[in-house]
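For reference, the structure discussed in these notes is given below.
Reminder, nothing fancy here: chain letters follow the sequence lines and each chain counts from 1. Since the model is a prediction, treat every value here as computed from it, not as a measurement.
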Protein chains: 2
Amino acid sequence: MLRLSKLTDYAVVVLSRLEQDGAVVGGQVQTAPELALHTGMAEPTVAKVLKILGQAGLVEGVRGARGGYRLARPLAAMPLAEVIVAFDGPIALTACVDGSLSACETEGHCPVRGRWDPVNDAIRHALSGITVADLSASAGCAPMRAAASIMNLMAE
Amino acid sequence: MLRLSKLTDYAVVVLSRLEQDGAVVGGQVQTAPELALHTGMAEPTVAKVLKILGQAGLVEGVRGARGGYRLARPLAAMPLAEVIVAFDGPIALTACVDGSLSACETEGHCPVRGRWDPVNDAIRHALSGITVADLSASAGCAPMRAAASIMNLMAE
DNA sequence: TTAAACAGGACAGAAAAGGTACTATTTGCG
DNA sequence: CGCAAATAGTACCTTTTCTGTCCTGTTTAA
Ligand code: FES
Ligand code: FES
């Protein structure tokens, strides 16, 4: 299925919400609990997503009281490929195992190595023109997440 | 990592070997044990790969004694996408769960549904022009599999 | 009739992902 | 100065998925 990580999907929602609330570079910050309420996800999960996004340099984390997160760039300038790389690792279709890789490099030849390169290049090229902003448009209409959000509010 | 199934990788090797041995449509057949020896993979694994390829209509299985497998088409006319679909399922980047899909369809709206469509279309388009023949070229130089094949022969 | 080979499904082990919790560090505020 | 809020990092457990193998049934040439 070429399934990508669920966290990648969550990340797009969180990023959309950040821009929607004006939490762009130089603006107001948004805390993880606030984002959790508005997106309907569990708070630890949102925190995990934001931490990974911070390591990737896609969001800026402001520490301390009155801290929070803010977009490092507008979503229109944020390639989707960077988000995928942050959560799913390098964009490469391969069945290669890390352990056998060293053995193949010393050998100089490998049946797997380089075989899928044209495929990977094609996919990278296909993803190069898509930004997170292209996906955030439809992220607003979220009945399911809204329902989850309501249940989240009621649980308090 | 967008990892594809190992079986997909095996499938390309098996398909390449089939064409290499002249086991094309209307020609000689190749048995699963033979293919296992030549590719260096375990025989049950090769059998599994061939069974799935048969269900997908990419190879033809001839039953009975003196049976075997043969390519349903030349590799140049076999899109890689079909192989991936056979082993990894539909080509779609999504975190959608099957269970919640029905609930979303009754609702008519879903935050996930349709959001990744532009990405999926881009990937499908990128894969549409690649055939298995494009990958089989470098599948011949297989020092690792050759070594495994030798060990396989010695074990008998 | 026998044996070879495909077809289909079932099963246990291994690997990866998802989610959660805990601790440490930073920083505004009284 | 001390407290509280919030991020940063890490570690762990649970669940799911993948992998590889095996078993039984069906077909067919010899
Ligand atoms: S198995 Fe990956 S480089 Fe050889
Ligand atoms: S979660 Fe997949 S259609 Fe709603």
#### Entry: B/Ile52 CD1 to C/dC6 P, straight-line distance once rounded to whole Å
15 Å
### Query
Nearest-Å distance, CD (A/Glu60) to P (C/dT27)?
14 Å
### Message
Applying a 4.0 Å non-hydrogen cut-off, can you work out what A/Gly54 is touching in the nucleic acid: base, sugar-phosphate, or nothing?
### Response
nothing
### Message
Any base atoms under 4.0 Å from B/Ala32, or only sugar-phosphate, or nothing? Heavy atoms, all strands.
### Response
sugar-phosphate
### Query
If you check every side-chain atom of A/Pro33, which of C/dC6, C/dT20, D/dT7 has the closest atom?
D/dT7
### Task
Round to the nearest Å and state the distance from B/Arg70 atom CZ to C/dC6 atom P.
12 Å
### Query
Applying side chain to side chain donor-acceptor pair (under 3.5 Å), which residue pairs with at least one partner in residues 77-87 of chain B are found, sequence neighbours left out?
B/Arg73-B/Glu82
Do any side-chain atoms of residues 28-37 of chain A form donor-acceptor pairs under 3.5 angstrom with protein atoms, and if so which ones, sequence neighbours left out?
from: A/Gln30; atom 1: NE2; to: A/Asp21; atom 2: OD2; distance (Å): 3.0
from: A/Thr31; atom 1: OG1; to: A/Glu34; atom 2: N; distance (Å): 3.3
from: A/Thr31; atom 1: OG1; to: A/Glu34; atom 2: OE1; distance (Å): 3.3
from: A/Glu34; atom 1: OE1; to: A/Thr31; atom 2: N; distance (Å): 3.2

### Short side-chain N/O contact to D/dT7 OP1/OP2 from A/Thr31, under 4.0 Å
no
#### Entry: Qualifying residues under side-chain hydrogen bond (donor to acceptor under 3.5 Å, both in side chains), relative to B/Thr8, sequence neighbours excluded
B/Asp88
### Task
Write down the distance between CD (B/Gln55) and C1' (C/dA7), rounded to a whole number of angstrom.
8 Å
### Query
Is B/Thr45 reaching over with its side chain to a backbone N or O of B/Met41, donor-acceptor style, under 3.5 angstrom?
no
### Query
Can you find a side chain N or O atom of A/Tyr10 that sits less than 4.0 Å from OP1 or OP2 on C/dG18?
no
### Query
Can you name the closest pair of heavy atoms from A/Pro118 and B/Leu135 and give their distance?
CG-CD2, 4.1 Å
### Summary
Atom CG of B/Leu53 and atom P of C/dG8 are separated, to the nearest Å, by 13 Å
### Summary
Contacts of B/Val62 and B/Lys48 projected onto DNA chain C by closest heavy atom; the upstream (5') one is B/Val62
#### Entry: Atom-pair distance (NZ on B/Lys6; C1' on C/dA15), nearest Å
10 Å
### side-chain contact (heavy atoms from CB on, under 4.5 Å) partners of A/Val24, counting only residues at least two apart
A/Glu19, A/Leu71
### Query
Can you check the A/Tyr69 OH to C/dT26 P distance for me, whole Å?
15 Å
#### Entry: Contact state string [nucleotides 22-30 of chain D, B base, S sugar-phosphate only, - no protein heavy atom under 4.0 Å]
---BBBBBS
### Message
Please determine whether a side-chain nitrogen or oxygen atom of A/Gln30 lies at a distance below 4.0 Å from atom OP1 or OP2 of D/dA6.
### Response
no
Can you give each donor-acceptor pair under 3.5 Å made by side-chain atoms of residues 51-67 of chain B, sequence neighbours left out, with the distance rounded to 0.1 Å?
none

### Message
From CD of A/Glu43 over to P of D/dT7, roughly how many Å is that when rounded to an integer?
### Response
8 Å
